[in-house]
Q: 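Sharing a structure, written as structure tokens. Questions coming.
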Number of protein chains: 2
Amino acid sequence: MPTPPPAVTRAATLGDVAQEAGVSLATASRVLNGSRKVAENYRVRVQAAAERLGYTANLSAQTTARGTSAVVALLVADIADPYFGQLAAGVTRAAEAAGLITTIAITDRDAERELRLVRTLRGQRPRGIILATSRDASDPAPLARELEAAVAHGARVVTLGAGVAGSQVVPIDNLAGARALGTAVAGLGYRSAVVIAAAEGVRTSDDRVAGFTEGFTTAGGSAPRVVRAGISRDAGYTAAAALLAEGLDEGTLLFGISDVVAIGAISAVRDAGRVPGADIAIAGFDDIAAGRDIVPGITTVTVPLEALGAQALEAAVSDDWDGAAALPLEVVLRDSTPRR
Amino acid sequence: MPTPPPAVTRAATLGDVAQEAGVSLATASRVLNGSRKVAENYRVRVQAAAERLGYTANLSAQTTARGTSAVVALLVADIADPYFGQLAAGVTRAAEAAGLITTIAITDRDAERELRLVRTLRGQRPRGIILATSRDASDPAPLARELEAAVAHGARVVTLGAGVAGSQVVPIDNLAGARALGTAVAGLGYRSAVVIAAAEGVRTSDDRVAGFTEGFTTAGGSAPRVVRAGISRDAGYTAAAALLAEGLDEGTLLFGISDVVAIGAISAVRDAGRVPGADIAIAGFDDIAAGRDIVPGITTVTVPLEALGAQALEAAVSDDWDGAAALPLEVVLRDSTPRR
DNA sequence: CGCATTAGCGCTACACCAGGT
DNA sequence: CACCTGGTGTAGCGCTAATGC
């Protein structure tokens, strides 16, 4: 008759398992979490004991002993934003596949908060830290210092998009993507445009503005006006509403720096009694999944968010990361920018 | 002249700080992470040393020593889904406020996967485990066993919505919400409806179907047909497309078990050349943020996702959680269900 | 009272050794 | 007798908290 179901109220430790199996601590360790091979009969005995006790290795103890952890920390601006949601999904899936655990923190686009969070995360001695929070105009030095310290702790720091000193970069070619978009819409016959962007200094925004401007003007459009709003749905809505209130010519293209901004703008246009697409054309960036169900379909630039997330994880954990080239971004023309 | 900037390449340990400050390990510990008070002059000395060395406590070491961790594990079906995104935002924000770190894992609605993940998470010896993954018809026993073990490890298990044995429950009154919705749309004049739901056995779905049916029939509607699809945008699209193909009377109401399902259905209706709202009415559930920008506006039931997330965290960490009552869900009528 | 000393927390990995060829 | 294979003993990871002075 087997040992009765363990009446443990505290967690079973490796020692418990070893005792139960009648082997040494070291042997049990090797069977369950180690590398060196162990004789068959010992192995099954240990595994049976572990099973019986419902043993699960204490990760923190393992981490302190090994000096290296199994967590990857992900910093995003806002996890409720679909952009970061898709990104996080990519990172988390890839992490799981690699046997790692993902930890998430939210910066709310606040540089100081980001700094504090990195400091906290550093305490976890994570294997990697992935920064998916837009770089803005604030002083990068403190963050760089913090990241440097993390690297000293053995972490790898990866930034998505605009890099930061001392980190590996998973590039997003916003410039080229936006340029292609500008060219494409100019090719559709648009000659005047307004860009709804974030504050100056926000790298992602700046790149997209610059790229779009370049492509649009080169292909025959006039230099677009740039209004500074933000990078959220509400920012897009508010900015577009203000523009409409002050008067916007029909046939003007509104380029929202991201799809969520563009979606907000579409709603504003509609709420102002105009027809998005027909009266006021609109374009976005990112091609988020939620965009599929918006009417009119949004002309945008596809950013492979999940793939980028996976790439970031790869960069964060593999020792021989080749600093892959930026994934290609593609322009998708839809009904929000009908040919003129 | 102060000590030159530390040329540490490895992480500074508490011992380093103690030495640098010229105090004992214990004193340094108490100053930086402990509770007991330490004389002023020692305190400043230690803090200065820590600052100088860029010291951050090693969380895993702290955890092994203390026997209790600062992490809360969150299990969601799919973080890219806005429903879970908003929920995760609520949990994470509240966790941060409580000085805790959130760990995220994705089940992809796979019960076996969920089981594996809980097992892994258990290894972290988290303070709490929050399950935000729909309960389905699969055998709950293995999961219950796993959770029990987690509880034995000192974790608190919280489930959102349908509870699971041995866990605390943050209720979501899907039944009442759906009933109110059914009543409301019947009040608008609808008499026939089709529900696009998940497979039988999925608790959230079952409750919403039952509640809706009850409210709808009681208020004069005929018993709705229920089609089984899934709980994603694509499931909604596909199911609605199939329904339309086989013929759907004008004035029929399509109730998608969640907003994402309803949004998919709206797109399907439109793609079939019908007018959502006017020809085919549609209702959803959750009132996700993305719904605001869908045309027509979706009639739905507001579920305070962020607040629920915060509540779940509260339940997971506070010792005297009073098992709060379910937050009220409110029906919001919009253009997708015009009065008939 | 207020500090230092030190025994653990659960685990890993290194050093070591028993027996077979 | 060296040499391998496959066990055991134990120091130590960074930190906390009980005890001592």
Side-chain angles (χ1 to χ4, degrees), chain A residues 8 10-47 49-50 53-70 122-127 149 152-155, chain B residues 8 10-46 49-50 53-71 122-127 149 152-155:
Chain A
V8 236
R10 60 169 187 75
T13 74
L14 188 57
D16 297 337
V17 175
Q19 190 167 22
E20 171 89 9
V23 302
S24 78
L25 186 60
T27 302
S29 171
R30 283 201 303 256
V31 170
L32 296 172
N33 321 299
S35 42
R36 227 173 85 176
K37 70 167 189 275
V38 174
E40 178 69 11
N41 57 332
Y42 278 74
R43 236 193 46 227
V44 293
R45 240 162 63 201
V46 171
Q47 264 157 355
L53 299 179
Y55 171 78
T56 299
N58 183 326
L59 224 62
S60 343
Q62 237 172 20
T63 300
T64 42
R66 283 210 252 254
T68 165
S69 83
R122 189 143 76 75
Q124 294 188 73
R125 304 287 187 271
R127 187 94 119 252
H153 290 3
Chain B
V8 234
R10 61 170 186 76
T13 75
L14 188 57
D16 297 338
V17 175
Q19 189 166 27
E20 172 89 8
V23 302
S24 80
L25 187 58
T27 300
S29 169
R30 283 199 300 257
V31 170
L32 297 171
N33 319 302
S35 42
R36 238 172 76 178
K37 68 171 192 275
V38 174
E40 178 68 13
N41 57 331
Y42 278 74
R43 236 194 45 229
V44 294
R45 239 161 66 200
V46 171
L53 299 178
Y55 172 78
T56 297
N58 182 326
L59 224 58
S60 346
Q62 235 171 24
T63 299
T64 42
R66 280 211 253 255
T68 166
S69 82
V71 350
R122 190 142 76 73
Q124 294 188 71
R125 304 287 186 272
R127 186 92 119 252
H153 291 3

Q: Give the rounded distance in Å between these two atoms: OH of Tyr55(B) and C1' of dC15(D).
A: 7 Å
Q: For Ala21(A) and Val46(A), work out which heavy atoms get closest and say how close.
A: CB-CA, 3.9 Å
Q: Write down the distance between CD (Glu40(A)) and P (dT5(D)), rounded to a whole number of angstrom.
A: 18 Å
Q: Which of the following nucleotides, dT16(D), dA17(D), dC11(C), is nearest to the side chain of Ala26(B)?
A: dA17(D)
Q: Is there a side-chain polar atom (N or O) of Ser24(B) under 4.0 Å from OP1 or OP2 of dA4(C)?
A: yes
Q: Check the phosphate of dA4(C) against Tyr42(B), side-chain N and O only, distance under 4.0 Å to OP1 or OP2. Yes or no?
A: no
Q: From dC11(C), dA4(C), dG14(D), pick the nucleotide closest to the side chain of Ala61(A)?
A: dC11(C)
Q: Ignoring the backbone of Thr27(B), work out which of dA4(C), dT16(D), dC11(C) is nearest its side chain.
A: dA4(C)
Q: Can you measure Leu14(A) atom CG to dG8(C) atom C1' for me and round it to whole angstrom units?
A: 17 Å
Q: Could you state the atom-to-atom distance from CG of Asn41(A) to P of dT5(D) in whole Å?
A: 17 Å
Q: Measure the distance from CD on Gln19(A) to P on dT8(D) and round it to the nearest whole Å.
A: 14 Å
Q: I need the CZ-P distance between Arg122(A) and dG14(D), as an integer number of Å.
A: 15 Å
Q: Rounded off to whole Å, could you give me the CG-to-P distance for the Leu25(B) and dG8(C) pair?
A: 17 Å
Q: With hydrogens left out and only the distance checked, is there a donor-acceptor pair under 3.5 Å joining Arg30(A)'s side chain and the base of dG6(D)?
A: no
Q: Base, sugar-phosphate or nothing for Thr64(A)? Non-hydrogen atoms, less than 4.0 Å.
A: base
Q: So does Lys37(A) get a side-chain nitrogen or oxygen closer than 4.0 Å to the phosphate oxygens (OP1/OP2) of dG6(D)?
A: yes
Q: Checking Thr63(B) side chain against Leu59(B) main chain: does a donor-acceptor pair fall under 3.5 Å?
A: yes
Q: What is the distance, to the nearest angstrom, from the CG atom on Asn58(B) to the P atom on dC13(D)?
A: 12 Å
Q: Is it the case that atom CD in Gln47(A) sees more than 12 heavy atoms from other parts of the structure closer than 6.0 Å?
A: yes
Q: Check Leu32(A) against Ala50(A) and note the closest heavy-atom contact, atom names and distance.
A: CD2-CB, 4.0 Å
Q: Quick check on DNA chain C: between Arg66(B) and Arg66(A), whose nearest nucleotide comes earlier from the 5' end?
A: Arg66(B)
Q: Carefully, step by step, assess Thr13(B) and Asn58(B) under the rule side-chain contact (heavy atoms from CB on, under 4.5 Å).
A: CA-CA 8 Å; Thr13(B) 75; Asn58(B) 182 326; over 6 Å; no
Q: Classify Ala39(B) by what it touches in the nucleic acid, base, sugar-phosphate, or nothing, heavy-atom distance under 4.0 Å.
A: sugar-phosphate
Q: Does the dG14(D) base have a donor-acceptor partner in the side chain of Ser60(B) within less than 3.5 Å?
A: no
Q: Are Arg45(B) and Thr27(B) close enough, and set up right, to give a side-chain contact (heavy atoms from CB on, under 4.5 Å), and what steps lead you there?
A: CA-CA 11 Å; Arg45(B) 239 161 66 200; Thr27(B) 300; over 6 Å; no
Q: Any side-chain N or O of Ser29(B) less than 4.0 Å from the OP1 or OP2 oxygen of dT16(D)?
A: yes
Q: Is Asn33(A) near enough to dT12(C) that one of its side-chain N or O atoms lies under 4.0 angstrom from OP1 or OP2?
A: yes
Q: Looking at dC1(D), which nucleotide sits across from it as a Watson-Crick or G-U wobble partner, both distances under 3.5 angstrom, or is there none?
A: none
Q: Side chain of Gln62(A) only, heavy atoms from C-beta on: which candidate in dC3(C), dC11(C), dT16(D) is closest?
A: dC11(C)
